[in-house]
Structures are given as structure tokens and as C-alpha cells.
Amino acid sequence: MSPLIRKEVKKLHGYTLASYGNQTKLNQNESAYDLPLAIKKKALARLEALAWNRYPTPFCAPLCQKIADYEDCDKEAVLVSGGSNILIQAILLASSIEGKVLTVTPSFSLYDIEAALLGNRLISVPLEKEDFAFPKEKFLARLKKEKPNVVFLANPNAPTGNLFSEEDLVAVLKAAKGLVVVDEAYYPFSDFTLKSRLKQFPNLILTRTFSKAFSLGGVRLGYLLADPSIVREVQKAMLPFSVGLLSQAVGEVVLEEEGFVRSIVNEVSREREIVYQGLRQFKELKVYPSHANFLLFQTKKAKALFQKLLGQGVLIRDVSGPQLPNSLRVSIGSPSENRRFLEAISHALTA
Ligand SMILES: Cc1ncc(COP(=O)(O)O)c(C=O)c1O
């Protein structure tokens, strides 16, 4: 008798996120800055003029062109999706079913979930214990031994916030026989991208999102940059018309107003330093430097601290796990949200 549900699916816990109602919300690395009303109005005017009864242009051709202009690359090197999550799935569908996927741990949980869903064997190399540095020798050894179909590396990494060096990533690209996906969801906050290496390495895919620096978490848009021969193949694994014309139009408008994005990134970098220094005042916390829009810190009583903050209306994320004991992650919010968080943590630790 054939099973109703595949064993790979049954084994998964699936993605969950508890909801805690209205809080100072610093748990999802969203942008704290909604689009200014003038930009929303421009997008709404664009939406009003569209024919909502018609299917959108296949594979978002106009938005692809705008992204290509913004990235200074050919539009054939761009693939748009409804969030970069979808790209992770499409890349796996195109390259690795019941194959091998190599990543590091701790990292973004979706690589594991999607790889497992498609029956892949997931190989995770632990990051260095002290500072989450890239374990270059161990990683390269596993890469050469296992010959994975795909490598996933987030840079900056999540939830640790640190950046892997260009030298290490190039070493991976040189040694890999399969695809190397570098997830640059947080790159605008780090000032580092591997984009200049795309022409040199046709097995390199960069994934990007509109959910963080572009303030469009609720709109759902992402894209990848890769060699056009890879883009054409991954595109076949994406459902046609899966990005609605409303999302596409909003994405186009935001790219036309990208000055807004730069001002957010500058503010987040300033605020990240303030929160980092603020947290470092507490000797019971170990705070890690970050190149993203969040900070990771560890403390012996992480669960209790999370609850105490929640009791004061401040929601952060408990990211503790076997590879990451007693760990909390806080997104960088607006200046007033960050002050609220620092006050709340001071109260929780001293009360
Ligand atoms: C490393 C990383 N990649 C991708 C994503 C998902 O991005 P999107 O909203 O575009 O699906 C996240 C979201 O938090 C992330 O942390």
C-alpha cells in the first residue's frame, strides 16, 4: 500500500514561530522601517493602473531588468521569486534530490528543512566554537570527501551574524564540484558581496532578499544572481506566475527609490553599535560582533531572560540549540525600540 505522505515529510518538524501578540518586536530580523508614505502612494498608483485580472509577465521580466540595472549585470543573470526561501527550494529541486547537501552549523534552518524534504543527506560542519569562524580545513576536507550536489553558506551567517572571508569562500568555490549557494540576505549591512566572483565561478549562486534592507518582508520578494546557464535551469524548477503582479510592482517602485534603502542601512549600522556596546555592559552576557541587522548573545539563563523580556513587552528570539547553547538573538529595531530593549534587559538582569 502506498503511503499517504512521504517519510521525509513525516520526519520533519516543519517551520514554526510562536506568536506573542503586540510587542516591541525584535524577533524576525525584519526592517523596523516601513516604507515612507510617499513611496507607498507611488506603489499604490502603480497598482491601480495594472490589470489585476491578467496574469503577470512570466518570470517578472520588467522587475528582472530593474534588478539587473541596480546590480549592474545582465537580466539573464537574475531570477526573481516570492522571497529567497523559494529560491532555496528551487535550487535544490534543480540540483539535488536524494543527493548530498553540505552546510555549516549553526546556520539558517531552512537549508536543513528543504534538503531533508527532498530526501537529501545533510552534512553540517560545526563552526569554530569560540567565535563561529569558518572551519576552513574541516569544511574543505568534507567537501572533497563527500562531493555534495550543493553547498549552502549564509554570509553574513545567521543567527551568528559573522562574515566569512572572501578567501575562504573562494577556496570552497575552487574545490566544489557542485553548486555553491552563498545566501546574501544580510549583505547590505555588511558591505561585502561575492558578486565580483560570479563570472569567474559558474557554479556560484548568490541569493538576495527584499525582506531586510528593502523593508518588504510582508511583500515577499527575493532574487538570485548566477551565470545565465544556471538561471535558465533553476527557473524550470519554479512555478510560472508564482510572483504576483502586486509584489512585482512594489519591488519595482522600491528599486526606483533605493536612496531610502541606503539611509536605513546606515541607521541600522549605527544602532547595531549602540546595542552591541549596551549589551557588553552586562558581564553576564557574551555578545558577538555582527555584520547583519541582529546581534547574538549568550547567557547561562537564556530561557529565563527571554521570558523576563517578554513580560516587559519585548519579544526577541531564543535560538538555543545543541550547537548553540543558551543563545538569544535580537533584531536591530528603530532607535526607540532599541532603547526599550536595553532598558528591559537592564531591568531583567538587575531586578
Ligand atoms: C539567511 C537567511 N536567508 C533567507 C531568509 C529568508 O528571506 P526571504 O524573506 O526572502 O524568504 C532569511 C530570513 O530570515 C535568512 O535569515
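Counting starts at 1 for both ligands and their atoms, following the listed order.
Distances shorter than 4.0 angstrom occur between a heavy atom of Arg220 and an atom of ligand 1. Taking 4.0 Å as the cut-off, Gly222 does not count as a neighbour of ligand 1 on heavy-atom distance. Heavy atoms of Phe210 stay at 4.0 angstrom or farther from ligand 1.
Under 4.0 Å from ligand 1, heavy atoms of Asn85 appear from its side chain as well as its backbone. Within the 4.0 Å heavy-atom criterion, the part of Ala185 lying near ligand 1 is the side chain and not the backbone.
Here the heavy atom of the protein found nearest to atom 16 (O) of ligand 1 is Tyr186 OH, 2.7 Å. For atom 7 (O) of ligand 1, the closest non-hydrogen atom of the protein is Ser84 OG, 3.0 Å. Ranking protein heavy atoms by distance to atom 12 (C) of ligand 1, first place goes to Phe108 CZ, 3.4 Å.
In this model, no donor atom of one side chain and acceptor atom of the other lie less than 3.5 Å apart for Glu252 and Gln248.
Each of the following atoms of ligand 1 lies closer than 4.0 Å to a heavy atom of Lys212: 13 (C), 14 (O).
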Q: Report the C-alpha separation of Arg46 and Glu256 in whole Å, then their side-chain angles, then the decisive distance to 0.1 Å, and conclude whether the salt bridge (charged side-chain N to carboxylate O under 4.0 Å, His left out) test is met.
A: CA-CA 12 Å; Arg46 195 79 55 93; Glu256 290 161 19; 2.8 Å; yes

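Closest heavy-atom approach to atom 10 (O) of ligand 1 among the candidates Thr209, Asp183, Thr207: Thr209. Taking each of Ser211, Gly83, Ser81 in turn, the one with a heavy atom nearest to atom 9 (O) of ligand 1 proves to be Ser211.
Using cut-offs of 30° and 60° on the angle between ring planes, the pair Phe306 and Tyr20 is perpendicular. Using cut-offs of 30° and 60° on the angle between ring planes, the pair Phe214 and Phe210 is tilted.
The stretch residues 225-260 participates, sequence neighbours left out, in these ring pair (Phe, Tyr, Trp, His ring centres under 6.0 Å) pairs: Tyr55-Phe241.
Geometrically, Arg329 does not engage Phe297 in a cation-pi contact, judged by NZ or CZ lying under 6.0 Å from the ring centre and within 45° of the ring axis.
Side-chain rings of Phe192 and Tyr187 stay apart, their centers remaining 6.0 Å or farther from each other.
Under the 3.5 Å distance criterion, the side-chain polar atoms of Glu337 are matched with a main-chain donor or acceptor of Ser334.
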